[in-house]
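Whatever order the structure lists ligands and atoms in, that order sets their numbers, starting from 1. Computed from a prediction, not measured in an experiment: that's the story for all the values here.
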Amino acid sequence: MLTEVTATRYVTPLREGGSLPGIVEADDLGTYVMKFTGAGQGRKTLVAEVVCGRLAQRLGLRVPRLVGMQLDPVIGLAEPDPEVQELLKASGGLNLGMDYLPGSIGFDPLAYQADPAEAGRVVWFDALINNVDRSWRNPNMLVWHGDLWLIDHGATMIWHHNWPTARAAAAKPYNASDHVLAPVGPDIAAAAAELAPLVTEDLLTEVTADVPDEWLVDEPGFDSTDAVRRAYVEALLPRAATIHERITMEAEVRPRSGPPGWLAERLPPQSDKNERKSGDE
Ligand SMILES: Nc1ncnc2c1ncn2[C@@H]1O[C@H](COP(=O)(O)OP(=O)(O)OP(=O)(O)O)[C@@H](O)[C@H]1O
Ligand SMILES: [Mg+2]
């Protein structure tokens with residue numbers, strides 16, 4: 001079960017996020033990034049955040065602590081933005097909170113040097129959960145106190161949007177060409193050897209037990225919330241064992257010497273300057 005807290009003050013919206021998450025204070029004196037059940041993306045986004053976030057934590061990857069957050073929409077009454085008002089009104093009850101990392105900065109491949117071992121763990125994990133949202137356009141990683149933190153696992157496990165075809169969908173490959181860490185040369189084999197054995201039925205059962213019942217109830221085709229939890233386990237367990245064999249990366253992102261095309265495009269002024277500088281010395 002997730003620890004539960006109650007929201008006491010809506011501080012400000014995080015406009016970078018498509019789902020309009022907010023910074024919210026809670027009765028435990030913590031500050032959280034709150035993700036709302038009333039957001040357009042729906043409650044499955046929150047289920048994915050819990051399943052994948054808890055799984056990542058158990059595998060030793062850094063993900064901010066997750067909590068359940070009770071919301072009484074009345075705390076947003078003074079909020080001037082009608083979009084925020086609507087979101088709060090639609091989200092009374094249990095929502096998701098994630099420890100706010102104060103002073104963290106968005107991942108920038110020029111400012112944080114991931115090594116192939118760390119990149120391998122992240123890419124392997126993203127392949128397992130079929131994360132399509134860790135590209136350089138939207139890295140969904142933060143750097144905090146010099147370490148890499150993973151956030152935003154809402155757009156993962158595509159199979160949970162169509163359970164009857166879930167097994168087949170979960171057997172599909174993962175194309176990591178667009179992954180923000182692909183250019184680092186992720187050591188997928190080492191990550192798979194280290195992490196795949198940890199993804200056991202017991203672990204997945206524990207992780208899915210953390211998903212609140214109210215986000216799983218009345219799922220079409222299932223007669224209990226535990227049956228839905230079981231479906232997540234059954235999709236992820238076989239995928240963990242073999243997904244490393246089905247991670248594809250286009251050749252152009254593989255070379256580790258020099259920036260890949262997309263990074264070079266972002267760099268011209270700075271890299272030109274650096275080159276000239278080193279030539280002058
Ligand atoms: N735990 C956190 N600590 C500090 N800042 C955070 C945290 N979580 C999210 N943020 C900030 O809020 C932004 C939006 O968060 P997030 O990506 O989780 O939202 P989203 O609505 O799912 O976004 P997306 O548009 O990618 O779907 C992040 O890019 C980051 O800048
Ligand atoms: Mg995001």
Side-chain angles (χ1 to χ4, degrees), residues 2-5 7-26 28-57 61-69 71 76 79 81 83-88 90-91 94-112 114 122-123 125-126 129-158 160-161 176 178-181 210-211 215 266:
L2 292 180
T3 303
E4 240 180 76
V5 301
T8 50
R9 187 165 83 99
Y10 184 88
V11 181
T12 190
L14 282 162
R15 301 214 175 263
E16 314 93 295
S19 69
L20 204 60
I23 297 182
V24 174
E25 291 172 352
D28 65 345
L29 304 183
T31 304
Y32 295 92
V33 171
M34 190 164 181
K35 296 218 162 173
F36 298 94
T37 44
Q41 290 78 356
R43 68 182 192 177
K44 277 193 182 164
T45 308
L46 303 191
V47 175
E49 292 273 12
V50 175
V51 172
C52 301
R54 298 289 294 131
L55 180 56
Q57 290 168 346
L61 297 166
R62 287 182 210 89
V63 171
R65 189 177 66 108
L66 300 172
V67 296
M69 279 194 104
L71 172 72
E79 180 53 43
D81 182 335
E83 203 187 346
V84 171
Q85 281 278 358
E86 283 310 306
L87 186 58
L88 293 175
S91 305
L94 190 65
N95 295 268
L96 183 70
M98 174 185 282
D99 262 346
Y100 176 66
L101 307 184
S104 59
I105 49 164
F107 173 81
D108 181 333
L110 302 179
Y112 181 91
V122 176
V123 172
F125 174 69
D126 283 334
I129 62 173
N130 190 47
N131 188 3
V132 295
D133 225 0
R134 198 104 65 203
S135 69
W136 62 270
R137 287 174 219 91
N138 194 3
N140 286 314
M141 296 192 291
L142 300 175
V143 176
W144 191 54
H145 293 298
D147 290 321
L148 197 61
W149 290 75
L150 309 182
I151 58 163
D152 194 0
H153 299 106
T156 58
M157 303 190 293
I158 180 107
H160 73 160
H161 296 288
D178 212 22
H179 197 286
V180 67
L181 294 179
D210 287 335
V211 181
W215 300 343
R266 293 178 71 206

Identity and separation of the nearest protein heavy atom to [atom]:
{"atom": "atom 18 (O) of ligand 1", "value": "Lys35 NZ, 2.7 Å"}
{"atom": "atom 12 (O) of ligand 1", "value": "Leu14 CD1, 3.5 Å"}
{"atom": "atom 3 (N) of ligand 1", "value": "Leu101 N, 2.9 Å"}
{"atom": "atom 25 (O) of ligand 1", "value": "Gly18 N, 2.6 Å"}
{"atom": "atom 28 (C) of ligand 1", "value": "Ile151 CD1, 3.7 Å"}
{"atom": "atom 15 (O) of ligand 1", "value": "Pro21 CG, 4.0 Å"}
{"atom": "atom 27 (O) of ligand 1", "value": "Asp152 OD2, 3.5 Å"}
{"atom": "atom 14 (C) of ligand 1", "value": "Gly17 CA, 3.6 Å"}

Exercise. Quick one: are His160 and Val51 in side-chain contact, heavy atoms under 4.5 Å?
Worked result: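 His160 vs Val51: side chains apart.
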
Exercise. Is there a side-chain contact between Val67 and Leu2 (heavy atoms, below 4.5 Å)?
Worked result: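 In short, these two side chains do not touch, never coming nearer than 4.5 Å.
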
For this session: Look at the side chain of Gln57 and the backbone N and O of Pro64, then say whether any donor-acceptor pair between them is shorter than 3.5 Å.
Result: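 Side chain of Gln57 to backbone of Pro64: a pair is present.
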
For this session: Indicate yes or no for a side-chain donor-acceptor contact from Thr45 to the backbone of Gly154 under 3.5 Å, with no hydrogens or angles considered.
Result: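 A pair under 3.5 Å: no.
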
May I ask you to list the atoms of ligand 1 that are less than 4.0 angstrom from any heavy atom of [X]?
{"X": "Glu16", "value": "25 (O), 31 (O)"}
{"X": "Leu142", "value": "2 (C), 3 (N), 4 (C), 5 (N), 6 (C), 7 (C)"}
{"X": "Asn140", "value": "17 (O), 26 (O)"}
{"X": "Asp99", "value": "1 (N), 2 (C)"}
{"X": "Met98", "value": "1 (N)"}
{"X": "Asn138", "value": "26 (O)"}

For this session: Could you go through the side chain to side chain contact (heavy atoms under 4.5 Å, CB included) check for Leu96 and Met69 one step at a time?
Result: CA-CA 5 Å; Leu96 183 70; Met69 279 194 104; over 6 Å; no

Problem set entry | Residues Thr156 and Asn131: side-chain donor-acceptor under 3.5 angstrom |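 No, Asn131 and Thr156 have no side-chain donor paired with an acceptor closer than 3.5 Å.
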
For this session: Identify whether the distance between the nearest side-chain nitrogen and carboxylate oxygen of Arg134 and Asp152 falls below 4.0 Å.
Result: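 Looking at Asp152 together with Arg134, the answer is no, because their closest N to O distance does not fall below 4.0 Å.
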
Exercise. Does an N or O anywhere in Tyr100 fall below 3.5 Å from an N or O of ligand 1?
Worked result: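 Min N/O separation from ligand 1 is not below 3.5 Å for Tyr100.
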
Exercise. Judging by distance only, is a nitrogen or oxygen of Glu49 under 3.5 angstrom from one on ligand 1?
Worked result: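 N/O-N/O distance under 3.5 Å: no.
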
Exercise. Considering only heavy atoms, does Ser104 approach ligand 1 within less than 4.0 Å through its side chain, its backbone, both, or neither?
Worked result: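 Answer for Ser104: side chain.
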
Exercise. So with a 6.0 Å cut-off around CD1 of Ile23, is the heavy-atom count from everything else above 12?
Worked result: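 Yes - once you tally the heavy atoms of other residues, nucleotides and ligands closer than 6.0 Å, there are more than 12.
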
For this session: Sort out for me which residue in Met141, Met98, Arg62 forms a side-chain contact (heavy atoms from CB on, under 4.5 Å) with Ile151.
Result: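 Passing option: Met98.
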
Exercise. Given Tyr100, which of Val11, Val33, Val24 fulfils the side-chain contact (heavy atoms from CB on, under 4.5 Å) condition?
Worked result: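 Result: among Val11, Val33, Val24, Val33 is the only option passing the side-chain contact (heavy atoms from CB on, under 4.5 Å) with Tyr100.
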
Exercise. Has Gln41 got any heavy atom lying under 4.0 angstrom from an atom of ligand 1?
Worked result: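 Flag not set, Gln41 not near ligand 1.
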
Exercise. How are the rings of Trp149 and Trp144 set relative to one another: parallel (under 30°), tilted (30 to 60°) or perpendicular (over 60°)?
Worked result: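 Trp149 and Trp144: perpendicular rings.
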
For this session: Quick one: the OD1 of Asn140, the Mg ion (ligand 2), OD2 of Asp152 angle, rounded to 10°, please.
Result: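 Here the angle at the metal atom is close to 90°, to 10°.
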
For this session: Could you walk me through whether Asp178 and Trp136 pass the side chain to side chain contact (heavy atoms under 4.5 Å, CB included) test, one step at a time?
Result: CA-CA 7 Å; Asp178 212 22; Trp136 62 270; 4.2 Å; yes

